[in-house]
Amino acid sequence: MKIAILPGDGIGPEITAQAVKVLNALGESFEMETAAVGGAGYAAHGHPLPEATLKLAKEADAVLFGAVGDYQYDKLERALRPEQAILGLRKELGLFANLRPAILYPELAGASTLKPEVVSGLDILIIRELTGDIYFGKPRGVRECPDGPFKGQREGFDTMRYAEGEIRRIAHVAFQAARKRGSRVTSVDKANVLETFQFWRDVVTEVHKDYQDVELEHMYVDNAAMQLVRAPKKFDVIVTGNMFGDILSDAAAMLTGSIGMLPSASLDADNKGLYEPSHGSAPDIAGKGVANPLATILSAAMMLRYSLGRLDQAERIEDAVKRVLAQGLRTPDIYEAGSTKVGTEEMGNAVVAALA
Ligand code: IPM
Ligand code: MG
């Protein structure tokens, strides 16, 4: 099994180093190869997704990704910005299904900004379509406004679009995932305003005919945002488009109080995947040894489960993470009085020690 390791920028290198350490401690013979991506890719090879990095990602069985982005690259033209690396990998590898679990570990119930009774026991799965929608729709750009009261001025525009097959395949992923959990899917759209999402709703309803054992509910995205903070435990699986999923998954992550804990998987049709923490590159704390490596370590566990077919090793890692939390070890982002504050490396070492 070959794993491509793409650490990226900011805290990316520190946190992926901990996940690699955990993978190495499993006693398997995984082949791991590292390549530059994001700002680091631009600095080394003049492009956020260097050709060699893309080649490695394509030939590997799975990709473990840190995070991309740093202030110093913000002024580059869009095509050279670090974010293009992750968007390019998603598109080039066909990673259309993004799984973002939001789980509240009982030990961390106090870390949420919401009342414990609202979030305790939270376990929801957001499934975000990842290669379509307004993120990739063409045409896009800045042009001369062709009509209306601002005719003749400059205008920015993007295109929201979803093909039937794109909606069908993500709906299948959602219904199948729901069968292994609470058997409920909430499809989030904006069918009251957008043609694209009325179509989305119709297609999801058609696909649902094959899954009569799963309960399907449709919800407008504004209401979904409200329900997520009002009564998040009412959700089981949420399926939605690229743009809405981007926004709702950040909100859902914060329900758990600790975006530093949440892994994610981005899968293609054959379960080949890219695994990354749900949080970003946090350049403000990079290099200080305080970043929480658990989301990346848990992403490695998801990788073992979904792409490498090693459920046993995935569970070993997840159990080890639960054990270090039970031991009271906390990086600063999840620290509470009475627990033991540790740094990035110490946390990684503790997970390795707890693997046993
Ligand atoms: C995410 C991020 C990306 C996105 C950015 C970095 C392009 O916010 O993975 O959610 O918008 O998809
Ligand atoms: Mg996002």
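Since this is a predicted model, take the numbers as computed values, not measurements. Remember, it's 1-based here, ligands and their atoms both numbered in the order they're listed. We use all heavy atoms of the structure for the numbers below, so side chains are in, but hydrogens, waters and symmetry mates are not.
- Taking 4.0 Å as the cut-off, His279 does not count as a neighbour of ligand 1 on heavy-atom distance.
- Less than 4.0 angstrom separates some heavy atom of Arg128 from each of these atoms of ligand 1: 1 (C), 4 (C), 9 (O), 10 (O), 11 (O), 12 (O).
- Under the 3.5 Å distance criterion, with hydrogens and angles disregarded, no donor-acceptor pair is assigned to the side chains of Thr53 and His47.
- For the Mg ion (ligand 2), the count of nearby protein N, O or S atoms, meaning those under 2.8 Å away, is 1.
- Taking the ring centre of Tyr335 as origin, the terminal cationic atom of Lys341 falls inside the region bounded by 6.0 Å and 45° from the ring axis.
- Taking only nitrogen or oxygen atoms, main chain and side chain alike, Glu276 does not reach within less than 3.5 Å of ligand 1.
- Using modelled atom types, one finds a donor on one side chain and an acceptor on the other under 3.5 Å when comparing Thr131 with Glu129.
- At least one test fails for Arg184 against the ring of Phe235: distance under 6.0 Å to the centre or angle within 45° of the axis.
- Partners of Tyr211 by ring-ring contact (aromatic ring centres under 6.0 Å, His included), not counting sequence neighbours, listed by chain and number: His172, Phe175.
- A salt bridge does not link Lys2 with Asp61: every distance from a Lys NZ or Arg NE/NH1/NH2 to an Asp or Glu carboxylate oxygen is 4.0 Å or more.
- When only non-hydrogen protein atoms are considered, atom 2 (C) of ligand 1 lies nearest to Asp246 OD1, 4.0 Å.
- Contact annotation: the side chain of Leu267 approaches that of Tyr275 to within less than 4.5 Å [non-hydrogen atoms, C-beta and beyond].
- If you check the side chains of Arg100 and Ser249, you find a donor sitting under 3.5 Å from an acceptor.
- Looking only at heavy atoms of the protein, atom 1 (C) of ligand 1 is closest to Arg100 NH2, 3.3 Å.
- The closest side-chain donor-acceptor pair between Tyr73 and Asp9, if any, does not fall under 3.5 angstrom.
- Of all protein heavy atoms, the one lying nearest to atom 4 (C) of ligand 1 is Tyr135 OH, 3.4 Å.
- Across the listed options Glu83, Arg90, Arg81, Glu83 owns the non-hydrogen atom lying nearest to atom 6 (C) of ligand 1.
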